[in-house]
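Lettering follows sequence order; numbering is per chain, from 1.
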Protein chains: 2
Amino acid sequence: MKRAPKAGVAPKMDIRNVASRARVSIATVSRTINHVPTVAPALAARVWKAVEELNYFPNTQARALVSGRSRLLGLIVSEITNPFFPELIQEFENVAVERGYEILIGSTNYDVKKTESCVRRMLERKVDGVAIMTFGIEELLLDRFAAGDIPTVFIDLGPNNPRSTTLVVDYRQGIYEGIQHLAVLGHRKIGFISGPLKMRSAQTRKAAFIDCLRAIGLTADSAWMVEGDHTLDGGRDAMQRILALPEWPTAIMCSNDMTAIGVQHELFEAKLRVPDDFSLIGFDDIHLAEYTIPPLTTVRMSCKDLAYAAVTDLISNLDPEGTPPPSKPSIPTHLIVRQTTGLPRNALSDLAHGKKSKARAELAK
Amino acid sequence: MKRAPKAGVAPKMDIRNVASRARVSIATVSRTINHVPTVAPALAARVWKAVEELNYFPNTQARALVSGRSRLLGLIVSEITNPFFPELIQEFENVAVERGYEILIGSTNYDVKKTESCVRRMLERKVDGVAIMTFGIEELLLDRFAAGDIPTVFIDLGPNNPRSTTLVVDYRQGIYEGIQHLAVLGHRKIGFISGPLKMRSAQTRKAAFIDCLRAIGLTADSAWMVEGDHTLDGGRDAMQRILALPEWPTAIMCSNDMTAIGVQHELFEAKLRVPDDFSLIGFDDIHLAEYTIPPLTTVRMSCKDLAYAAVTDLISNLDPEGTPPPSKPSIPTHLIVRQTTGLPRNALSDLAHGKKSKARAELAK
DNA sequence: CAGTTTCGTGTAAACGTTTTCTCGCTAGCA
DNA sequence: TGCTAGCGAGAAAACGTTTACACGAAACTG
């Protein structure tokens, strides 16, 4: 018999090579590498040795084909270029890999066609489950996954399919903290830039905003609630629209950080200052938020928590007999105060110059 | 015979169902859906009709298993949370999908262990090819892919394996434009924050910087060339180190935009102003660069071009007989001037206060 | 010590495709 | 009309696994 072939040249290593080299059957090899406990230690050792020497690794496709499980988890996000999602993806992947799964990423870009192809790919690749983190997906998708009897996790909204769970995020807490923070500073006129309202979750956040405002004794002025689209450009445009209004709010709350950064930029272009002219609060607390100029006050939603909850739910739903979704605490949110919030501009100019009239005139304009 | 079952309930549709419904053999179904031209139109029509009615789609795994081709392209990036990469991923995916491929993403996070597992996954999932866009990957990986005889595309550096091509980026052009721009403004003292120097490509960019400096008649002061790590935090830290120096440069060039944003932040914290106190140039031109405060002057490297070149190379290398890598122009780069570059701070104070002599002295040195 | 479990291993049948090979039919040519 | 090509379609063999099943040996039980 020849010496062990150099590892790495790898002329099509399959389970049979391993079996013959370890002088066992392929079934034993399979059982060994799958950690079936009934394999005799002596044989297992031989198998592992052979695996090592031939540096064999199983063919995922064959494995999936016969076992019916791909060990692949789909993750559908809105837009991969929005930094929140890469952070989420990373956390999601960490948790998934830890549990022995890999992930397949799909980005819808808010486009129906792209979304369709995304779903199709997930179905074709036979994902074992899919997390839909797109903060609003057309209903039709649910059906597709339900039809394939694939477990799903949704965020905020979701079908009442037994194979599907929905994660609930406690938007209210963070938004409430934000509004209270603004109120304490003296703000009474607070605007809101939402996500695309065709998304249910954008509506949820907006509703939470309105409720919190009310809880604190203020009412929402609908002129100051404008629709954005969760992008930099959208934030910029939304702020332009607010600046075109006859009366300005003194603070703006945004439904995500990218929007807030867009707003900051627009304010910079308009030679207005943050927080002197406008206070600003974002949402998500992406890593970048700490680095904006000035650093962004924002509501943190832990994507670590989100990812963990999503993967856990998915996997527990995989084995139909398994433990039913283990309790479901809502994902918490809370305010991170940085430097984009301050006293409202009239208060400030009052303090600085004592010239009330000028400020009033400006405001009236 | 029953009516067509409602599409969507899908009780395990396989090729046999289609075959029997179309009253042909499974071979004919296979040929039809793979567009083999020898199928008689009449039969093909029946097949398509059945496919439609049963809404059948082929099992990717079975297909891959027998054909030996997964129609999967690996894409390994440094760090998915660096916004440059999501932009690249998006473009890459667009091109890949257009050509009928899907992508599997791996993020190394500059971590050997993660990189290993990344490669392993790619190998296990039997990617048809892999693009290594990590701007510096440990050499061991090359061998792994070479061993599997998998086509690869590298950036900047690469092995001289026939199955592997390397994309060359014309860093010099953009960096030269940047330095020239600074020189015209009057800058003579230009610092550079590189990527992690253990990466070959970080070295490449640094070398390009030094060369360009020389080409313009300046020499690089090694004290002003500090090592960063392509992250926000790294940029911040690097700038801290520069600020601790006895003498400061008047302009800083960064080897990517995230670094530049970190620098901007540090300058903000130190109450220094951009571009009045420091001019700043980034690299990559991520979308965010337009939104920093002030907007970042940067060198654009089109990730669209990069993605297109990578996918094209990969696919042309897939069919061994196919056209050999079709010409290889280098990826161009060029300067985008925004608002982080201006006159150097002494020039500025000269203009403001009319102190020429001091500036001259400074310049002569 | 015979009979019955228990246990560990091997044999073989799936899994859903692609693809080679074969075969029957039609058409072309002599 | 008879023979050969050519062509389209079906039968069957892969692809590399997992897993149900069978089977022999060892370990109990009575």
Assert: residue with more 5' nearest nucleotide on DNA chain D, out of B:Ser67 and B:Ala27, is B:Ala27
A:Leu65 CG to D:dT18 C1', in whole Å, measures 10 Å
A:Arg71 atom CZ is separated from D:dT17 atom P, nearest whole Å, by 16 Å
*Heavy-atom side-chain proximity of B:Leu318 to B:Pro151 below 4.5 angstrom*: yes
Do the side chains of A:Tyr101 and A:Glu93 get nearer than 4.5 Å, heavy atoms only?
no
Across all chains, not counting sequence neighbours, the side-chain hydrogen bond (donor to acceptor under 3.5 Å, both in side chains) partners of A:Arg125 are B:Glu102
Review point. Counting distance only, does the side-chain N/O of A:Asn317 pair as donor-acceptor with the main-chain N or O of A:Leu314 below 3.5 Å?
Key: no
Separation of D:dT18 atom C1' from A:His35 atom NE2, nearest Å, is 16 Å
Separation of D:dG10 atom C1' from B:Ile26 atom CD1, nearest Å, is 9 Å
Min and max contacting nt of DNA chain C in 5' to 3' order, chain B heavy atoms within under 4.0 angstrom, are C:dG16 to C:dT20
Just distance, no hydrogens or angles: give the donor-acceptor pairs under 3.5 Å from side chains in residues 70-77 of chain B, sequence neighbours left out.
unit_1: B:Ser70; atom_1: OG; unit_2: B:Leu72; atom_2: N; d: 3.3
unit_1: B:Ser70; atom_1: OG; unit_2: B:Lys126; atom_2: O; d: 2.6
unit_1: B:Ser70; atom_1: OG; unit_2: B:Asp128; atom_2: OD1; d: 3.3
unit_1: B:Arg71; atom_1: NE; unit_2: B:Gly100; atom_2: O; d: 3.1

Just checking, any donor-acceptor pair under 3.5 angstrom between side chains of B:Ser78 and B:Thr134? yes
Heavy-atom nearest pair, A:Pro58 first then A:Arg63, reads CG-NH2, 2.9 Å
To the nearest angstrom, the CD1-P distance between B:Ile15 and D:dA12 comes to 16 Å
Distances under 3.5 Å between protein N/O atoms and the N/O atoms of nucleotides 5-9 of chain D, please, pair by pair.
unit_1: D:dG8; atom_1: O5'; unit_2: B:Thr38; atom_2: O; d: 3.4
unit_1: D:dA9; atom_1: OP2; unit_2: B:Thr38; atom_2: O; d: 3.3
unit_1: D:dA9; atom_1: OP2; unit_2: B:Ala40; atom_2: N; d: 3.0

Rounded to the nearest 0.5 angstrom, the CG-CZ distance for B:Leu306 and B:Phe84 is 5.5 Å
Taking five pairs at each terminus, the helix from C:dC1-D:dG30 to C:dA30-D:dT1 shows an axis bend, to 10°, of 50°
- Query: Is there side-chain contact between B:Thr28 and B:Arg31, with heavy atoms separated by less than 4.5 Å?
  - Reply: yes
In short, ring-ring contact (aromatic ring centres under 6.0 Å, His included) pairs touching residues 30-62 of chain B with sequence neighbours left out are B:His35-B:Trp48
### Query
A:Asn94 versus A:Glu91: any side-chain heavy-atom pair under 4.5 Å?
yes
